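In this text the structure is predicted, and so the values were computed from the model without any measurement. Sequential numbering from 1 along the given sequence is applied to the chain's residues. Counting starts at 1 for both ligands and their atoms, following the listed order. What you see below is based on every heavy atom in this structure, not just the backbone, and it leaves out hydrogens, waters and symmetry mates.
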Amino acid sequence: MRCRRCDAPAAINMREHKLSLCAVHYPEWFLEQTRRTIRKYGMFTPAERVLVAVSGGKDSLALWEVLLMLGYQADGVYIDLGINGGGEYSARSKAKAVAFAEQHPAARLIVVDIRQLYGANVPQVAQRRHRPQRPCSICGLIKRHEMNRMALEGGYDVLATGHNLDDEAATLFGNVLHWQMEYLRHQFPVLPADGQGLMRKVKPFCRFYERETAAYTLIRGIDYIADECPYAAGATSLAHKETLTRMEHDAPGTKMHFYTNFLKAKDAGLFATAETTPELHSCPRCGQPTGAPDLCNFCRLWEEQ
Ligand code: Q46
Ligand code: ZN
Ligand code: ZN
């Protein structure tokens with residue numbers, strides 16, 4: 001297999017794009033595709049400040065590097081959740097994020113330590129709330145709240161996450177299986193700021209297959225944590241990913257068509273019915289918008305222990 005652009009041996013063959021590229025031309029293509037996605041969905045401009053949610057995994061570190069290489073003003077935020085699971089997962093993933101920032105002079109990393117700030121880490125909160133084996137909803141709530149808080153307090157214009165096409169297709173699959181209308185209404189590469197304290201959120205890698213972001217990190221020599229969080233095992237999103245990967249194997253392009261045709265259908269007005277979200281008000285403690293009657297769900301987490 002040869003590179004389409006220079007005839008050197010190909011480093012990656014993308015069946016779904018009918019394109020193979022070498023180790024020089026693949027990163028160029030990857031940067032150009034990211035730039036196009038950012039422009040296509042009007043995610044942000046070079047004048048705006050971007051905060052990248054960095055987990056220490058391949059997608060978020062690749063995203064951070066690509067945004068810096070494209071000349072965007074991109075800082076990173078790492079949320080230390082205190083997840084160990086016997087393998088020091090948080091400590092090792094934080095080390096990858098810190099090492100990346102040290103190797104890239106333009107990269108500024110903000111580290112938020114949940115236990116230091118609020119007195120308990122994610123497994124401890126989950127334990128107190130009788131969900132020791134399934135901390136993901138609590139963890140997701142904490143991550144969303146803290147990333148939004150750091151972006152607001154730091155005066156950023158937009159929060160970027162490294163979700164890739166496999167992530168988005170699996171989320172869509174789950175949302176469609178259960179016809180989760182509110183989630184379907186909100187699934188999009190850009191979520192605008194709500195004007196009441198929720199930041200604009202963007203997913204510049206939403207059109208890349210996971211193997212494409214993996215190939216980018218490999219070719220660029222980005223060191224990342226390859227392990228999944230120990231609590232990810234058994235998650236339904238992983239089962240959905242496996243199902244879609246089997247379908248992709250039989251019919252290359254399945255994930256891409258499933259997701260991008262959904263975006264087109266949304267553009268054409270599907271799921272555009274009136275929203276039924278409740279009236280939001282500012283949480284009296286943290287100030288973030290919430291539909292809960294008094295304190296937001298995040299602040300209640302610490303109240304009820
Ligand atoms: S970090 Fe947190 Fe994930 Fe681990 S506890 Fe669950 S939500 S699986 S992306
Ligand atoms: Zn080439
Ligand atoms: Zn609150």
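- The pair D227-R92 counts as a salt bridge, with a side-chain nitrogen and a carboxylate oxygen less than 4.0 angstrom apart.
- In summary, the atoms of ligand 1 found under 4.0 Å from a heavy atom of K143, numbered by their order in the structure, are 1 (S), 2 (Fe), 3 (Fe), 7 (S), 9 (S).
- Taking the six-membered ring wherever Trp is involved, the centroid distance between the rings of F30 and F208 falls below 6.0 Å.
- Taking E65 as the reference, M69, F100, H104, Y216, R220, I222 meet the side-chain contact (heavy atoms from CB on, under 4.5 Å) condition, with sequence neighbours excluded.
- Near C136, the atoms of ligand 1 lying under 4.0 angstrom from a non-hydrogen atom of the residue are 5 (S), 6 (Fe), 7 (S), 8 (S).
- Under the 3.5 Å distance criterion, with hydrogens and angles disregarded, no donor-acceptor pair is assigned to the side chains of Y26 and R5.
- R49 has no carboxylate O lying under 4.0 Å from a charged side-chain N of D157, or vice versa, which leaves the two without a salt bridge.
- Closest to atom 2 (Fe) of ligand 1 among all protein heavy atoms lies C139 SG, 2.2 Å.
- Protein N/O/S atoms closer than 2.8 Å to the Zn ion (ligand 3), listed by chain and residue number, are C283 SG, C286 SG, C296 SG, C299 SG.
- Between the side chains of R207 and T34, no donor N or O sits under 3.5 Å from an acceptor N or O.
- In this model, a donor atom of one side chain and an acceptor atom of the other lie less than 3.5 Å apart for K255 and T245.
- The single protein non-hydrogen atom nearest to atom 4 (Fe) of ligand 1 is C229 SG, 2.2 Å, given as residue, atom name and distance.
- Inspection of the Q73 and Y156 side chains reveals no N or O donor paired with an N or O acceptor under 3.5 Å.
- Close approach to A232 involves these atoms of ligand 1, each under 4.0 Å from a residue heavy atom: 8 (S).
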